[in-house]
Protein chains: 2
Amino acid sequence: MSQSGRVKMADVAREAGVSVATVSKVVNGRWGVSAATVERVLAVVGDLGYEASLGASSLRSHRTNVLGVLLAEFEPFSTELLKGVSEAVGHTDFELLAFSGGRSGGGVGWERRSLARLGGSLVDGAIVVTPTVVDAGNGIPVVAVDPHTGPSEVPTVDSDNLAGAMSAVEHLIGLGHRRIAHLAGRDDLESARLREEGFRRAMAAAGLAVDESLVRVGGYRAESADAVVREMLTGADRPTAVFAANDLTAIHTMAVAAELGLRVPDDLSVVGFDNVPESALTDPGLTTVAQPLHEMGRRAVEVLVELLQDGADGEPAHVRLPTQLVVRQSCAAPPR
Amino acid sequence: MSQSGRVKMADVAREAGVSVATVSKVVNGRWGVSAATVERVLAVVGDLGYEASLGASSLRSHRTNVLGVLLAEFEPFSTELLKGVSEAVGHTDFELLAFSGGRSGGGVGWERRSLARLGGSLVDGAIVVTPTVVDAGNGIPVVAVDPHTGPSEVPTVDSDNLAGAMSAVEHLIGLGHRRIAHLAGRDDLESARLREEGFRRAMAAAGLAVDESLVRVGGYRAESADAVVREMLTGADRPTAVFAANDLTAIHTMAVAAELGLRVPDDLSVVGFDNVPESALTDPGLTTVAQPLHEMGRRAVEVLVELLQDGADGEPAHVRLPTQLVVRQSCAAPPR
DNA sequence: CTGAAAGCGCTAACAG
DNA sequence: CTGTTAGCGCTTTCAG
């Protein structure tokens with residue numbers, strides 16, 4: 001039947017002998033079409049396999065029943081989150097659209113760009129993952145997961161980064177470590193700032209001084225951390241343990257250590273943060289602070305859907321979930 | 001500056017004192033605009049933070065520089081693939097859009113629906129993940145990953161399911177197993193069919209008869225496999241080993257075994273297929289057949305981009321990548 | 001070099 | 001109940 005290109009509403013209309021307006025009404029279940037017509041049109045729709053163009057209908061109706069997830073790139077953190085989001089969305093009748101705009105790693109501002117490109121038409125609401133700047137949305141409801149600025153005027157979902165970081169460092173201290181390094185995220189990320197803060201508090205609580213030369217910014221990506229890690233591990237007085245701000249850089253730390261001939265955990269202990277599945281794939285398995293990533297995704301959907309239904313009444317929600325230390329094999333007592 | 005809703009091209013035009021047509025030309029880098037005007041418009045664009053609406057521009061131009069990934073839901077298999085896709089797309093100047101249409105698990109036809117909704121406007125080309133029916137695209141280039149029908153008129157990317165399955169079963173046989181069950185996918189999935197075929201060939205090669213009561217369809221999801229697994233493991237003459245058609249059902253098999261008081265691998269050996277990161281998270285770790293998921297995603301992008309640039313000249317590409325057995329701790333010699 | 005006008009495919013008032 | 005008439009925000013001729 002359908003010969004070239006996509007089937008459009010006009011094709012259905014012609015075939016069914018009605019106007020496009022009528023087809024539109026039928027397709028959208030609007031009132032005021034005779035049962036006979038509805039049936040005929042639906043038959044043709046099925047026949048031709050017609051499906052409305054998301055772009056076109058959204059342009060006009062500003063209601064698409066599609067939820068958007070905006071992210072810088074599809075890496076372990078955001079894909080884990082997506083699993084939770086996907087599961088939760090499956091219980092609603094929304095469709096799900098994940099968008100990664102701009103070039104990988106996204107120059108700053110990807111969240112604004114993406115929001116502008118999709119918002120106001122394609123998606124009814126959006127979940128932005130790890131945004132560094134949140135514009136209170138672009139006319140559409142937005143919830144931020146693990147945002148830059150920490151709780152603000154836009155609803156957020158995150159985990160208890162401070163307590164999580166403390167538990168990780170306490171674990172190292174408990175094993176006997178004194179010379180502990182922190183491979184920090186970036187100052188402009190709230191989660192990273194809190195993890196560093198947790199590191200410092202745990203150290204202070206144990207009466208340990210922080211050697212500032214061992215607190216270095218590695219970002220959240222392997223590439224950005226590489227040079228810093230090498231330097232840290234080849235330095236004269238290298239640390240006996242490293243607390244990395246996330247799993248990706250922790251895993252990279254282990255890789256660099258191996259390359260340098262250091263055994264983990266015998267020569268160097270490593271702790272990460274996130275508990276992405278990849279952290280269990282390393283050898284030895286990475287001890288890390290688990291964030292309930294799936295749950296965070298589910299909660300974000302919950303908050304967003306509620307916003308969509310009830311509107312933004314009152315204070316924005318700020319959901320904070322607990323973290324938990326997952327002990328694997330990457331930590332041991334320090335070498336003597 | 002921007003007060004309500006999104007900034008649109010008309011706003012930029014007004015502010016810059018030119019027509020929308022001119023703004024459009026500038027924004028799209030078209031020829032024939034004076035340097036002075038270009039500069040002025042660009043300044044306003046930056047100022048107002050203007051970003052073209054994907055929906056609107058795609059509607060008119062049929063070129064969006066966005067690649068689509070269509071999937072039934074965001075589960076481990078497709079998200080691993082996405083990581084590879086994302087990485088590869090990062091090296092191009094395309095943006096990436098992953099869409100999961102319809103309700104979770106998607107009634108059949110989700111691939112057609114999604115393609116119709118996005119194709120012809122929103123995306124320039126699409127990668128469909130595990131489609132059960134491939135319509136040769138909806139006017140746009142399409143490449144299928146791990147498709148239903150096996151190599152066909154649409155380009156495909158998959159892995160060597162037959163050899164992979166054989167290696168898994170040979171591993172079990174090598175350990176001394178004779179009574180091996182196969183938790184099959186579904187007959188209408190090419191990959192599942194080939195895995196079953198591999199199972200049978202390996203058994204035959206070893207001179208072992210297949211007990212047909214131990215070849216049961218579990219689908220690719222935990223829920224669909226649950227009842228079948230329970231029945232299999234509680235039967236009178238239960239198998240000493242199970243080769244599941246994918247990791248998700250293998251993992252579920254281990255869970256059910258644990259629930260029934262069976263120890264893995266002492267009482268029951270289990271092998272999976274896919275090697276999604278989750279397979280390393282189980283206790284004991286799951287022995288499984290690795291598919292190069294990231295690589296498959298990368299290759300799919302490669303094929304798609306080429307299609308987009310050079311058009312579909314000649315035979316459709318069919319990329320088949322090798323699999324590899326990953327031995328963890330879920331298999332041992334059968335109990336005597 | 002610039003702007004006016006005509007749609008892309010669809011939905012939302014309105015008339016008939 | 002049904003069709004006609006306007007656009008949504010943008011790109012693209014085609015005159016000026």
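Chain A is the first sequence line, chain B the second, and so forth, proteins listed ahead of strands; every chain is numbered from 1.
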Span that lies between the C1' atom of dT5(D) and that of dA6(C), in whole angstrom = 16 Å
Leu70(A) side chain near Glu111(A) side chain, heavy-atom distance below 4.5 Å = no
Of dG3(D), dT2(D), dC1(C), the nucleotide closest to the side chain of Thr37(B) is dC1(C)
If you pin Glu51(B) and Thr22(A) to their nearest nucleotides in DNA chain D, which one's is more 5'?
-> Thr22(A)
Can you check the Lys25(B) NZ to dG9(D) P distance for me, whole Å?
-> 21 Å
By nearest-nucleotide position on DNA chain C, the 5'-leaning member of Ser58(A) and Gly32(B) is Gly32(B)
Does the dG7(C) base have a donor-acceptor partner in the side chain of Arg60(B) within less than 3.5 Å?
-> yes
Report yes if at least one side-chain N or O of Arg6(A) is closer than 4.0 Å to OP1 or OP2 of dC8(C); otherwise report no.
-> no
Tyr50(B) vs dG9(D): side-chain N/O to OP1/OP2 distance below 4.0 Å | no
Check every atom of dG3(C), dT2(C), dG9(D) against the side chain of Ser34(B) and return the nucleotide holding the closest atom.
-> dT2(C)
Roughly how many Å is it from CE in Met9(A) to C1' in dG3(D), rounded to a whole number?
-> 14 Å
Could you tell me whether Glu95(B) and Arg117(A) make a salt bridge, using a distance below 4.0 angstrom between a side-chain N and a carboxylate O?
-> yes
To the nearest Å, how far apart are Arg14(B) CZ and dG3(C) P?
-> 15 Å
Phosphate-side-chain proximity, Ser61(B) and dT11(D), N/O vs OP1/OP2 below 4.0 Å = no
Residues Lys8(B) and Asp11(B) bridged, charged N to O under 4.0 Å | no
Residues Lys83(A), Glu87(A): salt bridge by 4.0 Å N-O rule = no
Are any of Ser24(A)'s side-chain N or O atoms less than 4.0 Å away from OP1 or OP2 of dA12(C)?
-> no
In whole angstrom, what separates Leu118(B)'s CG from dG9(C)'s P?
-> 16 Å
First locate atom OG1 of Thr64(A), then atom CG of Asp124(A), and finally report the distance between them rounded to the nearest 0.5 Å.
-> 3.5 Å
Of Ser53(B) and Ala35(A), the one whose nearest nucleotide on DNA chain D sits closer to the 5' end is Ala35(A)
Check ion pair Arg298(A)-Glu302(A) (N to O, under 4.0 angstrom) = no
Lys8(B) atom NZ is separated from dC10(D) atom P, nearest whole Å, by 8 Å
Would you tell me if any nitrogen or oxygen in the side chain of Ser57(B) comes within less than 4.0 Å of OP1 or OP2 on dC10(D)?
-> no
Which part of the nucleic acid, if any, lies within contact of Ser121(A), taking any heavy atom under 4.0 Å across all strands shown: a base, the sugar-phosphate backbone alone, or nothing?
-> nothing
Report the distance from atom CZ of Arg30(A) to atom C1' of dT2(D), rounded to the nearest whole Å.
-> 16 Å
Out of dT11(D), dC8(C), dG9(D), minimum distance to the side chain of His62(A) belongs to dG9(D)
What is the distance from CG of Asn28(B) to P of dC10(D), rounded to the nearest Å?
-> 11 Å
What is the distance, rounded to the nearest whole Å, between atom CG of Leu122(B) and atom C1' of dC8(C)?
-> 12 Å
At under 4.0 Å between heavy atoms, what does Val18(B) touch on the DNA or RNA strands: base, sugar-phosphate, or nothing?
-> sugar-phosphate
